[in-house]
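Comments concern the structure below.
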Amino acid sequence: MAVLKRRGYVPQDIEPKWQKVWAERGVLVADDASDRPKYYNLVMFPYPSGELHMGHMRNYVIGDLVSRFYRMRGLEVLSPFGWDAFGLPAENAAIKAGRHPRDWTLGNIAIAKRQLAMMGVLYDWSREVTTCLPDYYRWTQELFLLFWERGLAYRRMAPVNWCPFDKTVLANEQVINGRCWRCDNLVEKKDLEQWFFKITEYADRLLDDLELLRGTWPEKVRVMQANWIGRSHGAEVDFAAENGEQIRIYTTRPDTLFGATFMVLAPEHPLVERVTTDAQRDAVRAYVERARRETEIERLSTEREKTGVFTGAHAINPVNGERIPIWIADYVLMGYGTGAIMAVPGHDERDFEFAKKFGLEIREVIAPPSGPVGELTAAYVEKEGSLVSSGQFDGMAPGPAIAAITTWLAEQGKGEAVTRYRLRDWLVSRQRYWGCPIPMVHCESCGLVPVPHSELPVELPPEYKPLAENPEWYTVTCPSCGRPARRETDTLDTFIDSSWYFLRYTSAHERERPFDPELANRWMAVDQYTGGVEHAILHLLYSRFFEKVLHDAGMVEPLEPFLRLFTQGMVKRNGQVMAKSAGNGVAADDLVKREGADAGRIYEMFIGPPEDDAEWTDSAIAGPVRFLHRVWRLVLEPETIEHSSATAAPASDEVLRRRTHQAIRKVTDDYTSFAFNTAVSALMELANAMQEHVAGGGALGEVWRESVDALILLLHPMAPHVTEELWERTGHAGLCADAAWPEYDATAAADPTITLIVQVDGKLRDRLELSAGLTEAGAREAALRSEKVGRALAGRPPRQVHYIPDRLINLVL
RNA sequence: GCCGAGAUGGCGGAAUCGGCAGACGCGUCGGUCUCAAAAACCGAUGUCCGCAAGGACGUGCGGGUUCGACUCCCGCUCUCGGCACCA
């Protein structure tokens, strides 16, 4: 595309000038001591991966727009920025390019910082944080120790997700369809000793407090988090195996206990070996071996057939003393519940399928409201109807029966009510160099010993090589007994770094603690948090967890870190999400060179609702480009706009003023509610109205100047450079960025005339321009006077009349 | 399979409460200017019938409620996102 050459407005001439002024004057540096109401406006800090394109920019433009808007409305805005700078891509790039991950990362930060400035995006850079620098990660280590001291960090052997390509373990949340979230390779299961955070201890609060976010977080995100935590209420029940072992099962449907016709243990269940009979031992061992070898590919095959093997053993159903067979099957997971189930094929789809395949008994114990089915052809899973073949509980509805049977089990000492979660503890250790070192020491005699606070930070060694292969680094003396010991060589998941950065911003230079609680409470909670939906579970759940732990530690008051959450959609081009790898990104540098930052910003806001994905069309940016040239001309040289007596309605100050105040109302509402696309439309309409005013020979007096000022001010959050220039050129002292938001005058915006819609039998027949405040009789009279209406009525009198004052009248025949 | 969101012109999208469907743009067509082109500016632009006036149809599909439905209800289809043997 050729560089657009137009008279007057040359964005490339004015944009750098104003960027310099804003920076010099520290326009967006937040004042901790201000007595204006605070507004903490946060955008998700990025991973510095290289050049920014317009897909990245959408987030930052929204953030900047919000900052500028609320500043103009008189709030003390805190809008900090930083870098989520530890992580695998830096290591991968470093391996490829032979550079140290730190150099690669810091280089990218410099590029991104320049590009943000070039887009006119302002931040309070005095609070910048970079998670890979010791002055940040020393506090991450401090917080790790706080979790350790509060019993929330522990180390244990566990089956974990191992990515063979990235050579590290992954959190459950980082495994997507059995694949690594970073490199997309299949994940393996391994038994390893790893560090965990006890997020499950906070499961109830993380779930229940989602209620505090109703209406201010996208419903989608709240639902996703609730499902991820996955709380279920049920009972644990002991079944006695015939060899004397107790097998504890978990069920959410104790009401179906009389329908249990067999039991199933997970292949990894510790009792498998002990209950299996000699006759079945070989078959069971073969099955368990196969299940162990089974890869994620087989796990994921969609139409997965049930497999299993009989142990030869039996157990006794505690409610009715029945003897039922014990099976092994991999559809029962060791990681959930107790790793063992009672199978109720009549009322569970999976058990039904298994029973059908292996010819096991299917028994009906819940009759639907319409009565017992007799021969079940599918599992009846609804909780409606009544119990049958269930001894003393017959006739009860499933709901009450759940409570009654659970109570009975507890009284008999055979079971108890239990709450279970899908959420697992957070695996936080990674076998990578480029992360925050875990400040712990392994001592043969003392065990796990925390590094004393006075010795923090535990710094990464300068040389880039795996920590476990760096004896010079890991060999230390035990802080407790002084004997030779070994440093922990794992580093922390980068999601820990990003779980508290918003707190660090509130006192980024604090030297004694991770953050100053007083300042944290001055700014927290975040009033507006903006970022991508891809963080709906991971980052947002972990940050909420940290906030609650730090609340409990007395370091910050709010229970939830983010009051309002906005998740913006992704920008696509040629049908694909803009990405370096897809080669379809619109580079920010190119855009600024061609169309200018302001036009790019407007286009990005105009492209569609900000919460939706948007398709970037190269030609469509012409609209915002033309619009800005038109604004320039309207403000600085309205006399060059031709009078066009043929088309223009006679102009009046009253009409111009009305449309100006209507625009103030609309744009203010739209900025508040994140409807940026319609805010652009409203501004274009105001410009159209002003142009019509001039073309119609309207006066260029006081009302005109009010419109010009409003146009500049309303446009400023979206297109800061051109408006700053116009503000100066129209003779205002001070910065447009510092100016007060225009006041909306309801009287001026009120329309004295209305368009009455006239319908006959619900069909539009005429529109009448009338003065407002019409009675039904008056409206009816006016409607009947219309020639078009007369034709439609054809002499018939209306039987009914529906009148919506000042809007519509419907004559029904 | 379950949960959530969505489907409106050639394209992006708009439509506070059930009351003018298609705002605002892009694109396209026509015009002005120009030797010409680009840019700029002006006008037209949902579909069909009609010279026109005007009329009919039209918000994924099929029903329903209503004087009146893009909007509410019932039943589908398709698209996107999340979860996925969680007992």
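The figures here come from the full heavy-atom set of this structure, side chains too, leaving out hydrogens, waters and symmetry mates.
Remark: A:E353 does not engage A:K357 in a salt bridge, criterion side-chain N to carboxylate O under 4.0 Å. A salt bridge links A:R420 and A:E236; the closest N-O separation between the charged side-chain nitrogens and carboxylate oxygens is under 4.0 Å. A:R222 has a carboxylate O that lies under 4.0 Å from a charged side-chain N of A:E211, or vice versa, which qualifies the two as a salt bridge.
At the heavy-atom level, A:D351 lies nowhere under 4.0 Å from the strands shown.
Between the A:N810 side chain and the A:G762 main chain, a donor and an acceptor come within less than 3.5 Å of each other.
Side-chain proximity of A:I804 to B:C67, B:A87, B:G19: nearest is B:G19. Taking every side-chain heavy atom of A:N810 into account, B:G19 is the closest of B:G19, B:G12, B:C83. If you check B:C41, B:G54, B:G55 against the side chain of A:R765, the one that comes closest is B:G55. In this structure, of B:C26, B:C24, B:C67, it is B:C67 that holds the atom nearest to the side chain of A:Q800.
Remark: A:Q691 is in phosphate contact with B:C42, judged by side-chain N or O atoms under 4.0 Å from OP1 or OP2. At B:A87, none of the side-chain N or O atoms of A:R248 fall inside 4.0 Å of OP1 or OP2 (strictly under the cut-off). Within the 4.0 Å cut-off from OP1 or OP2 of B:G27, at least one side-chain nitrogen or oxygen of A:R626 is found. Close to B:A84, at under 4.0 Å from its OP1 or OP2, lies a side-chain N or O of A:R422. Phosphate contact (OP1/OP2 of B:C57, side-chain N/O of A:K763, threshold under 4.0 Å): present. OP1 or OP2 of B:A87 sits under 4.0 Å from a side-chain N or O of A:Y336.
In this entry B:C33 has no Watson-Crick or G-U wobble partner, no candidate having both defining distances under 3.5 Å.
Nucleotides B:A5 and B:A53 have their P atoms positioned 46 Å apart, rounded to a whole Å.
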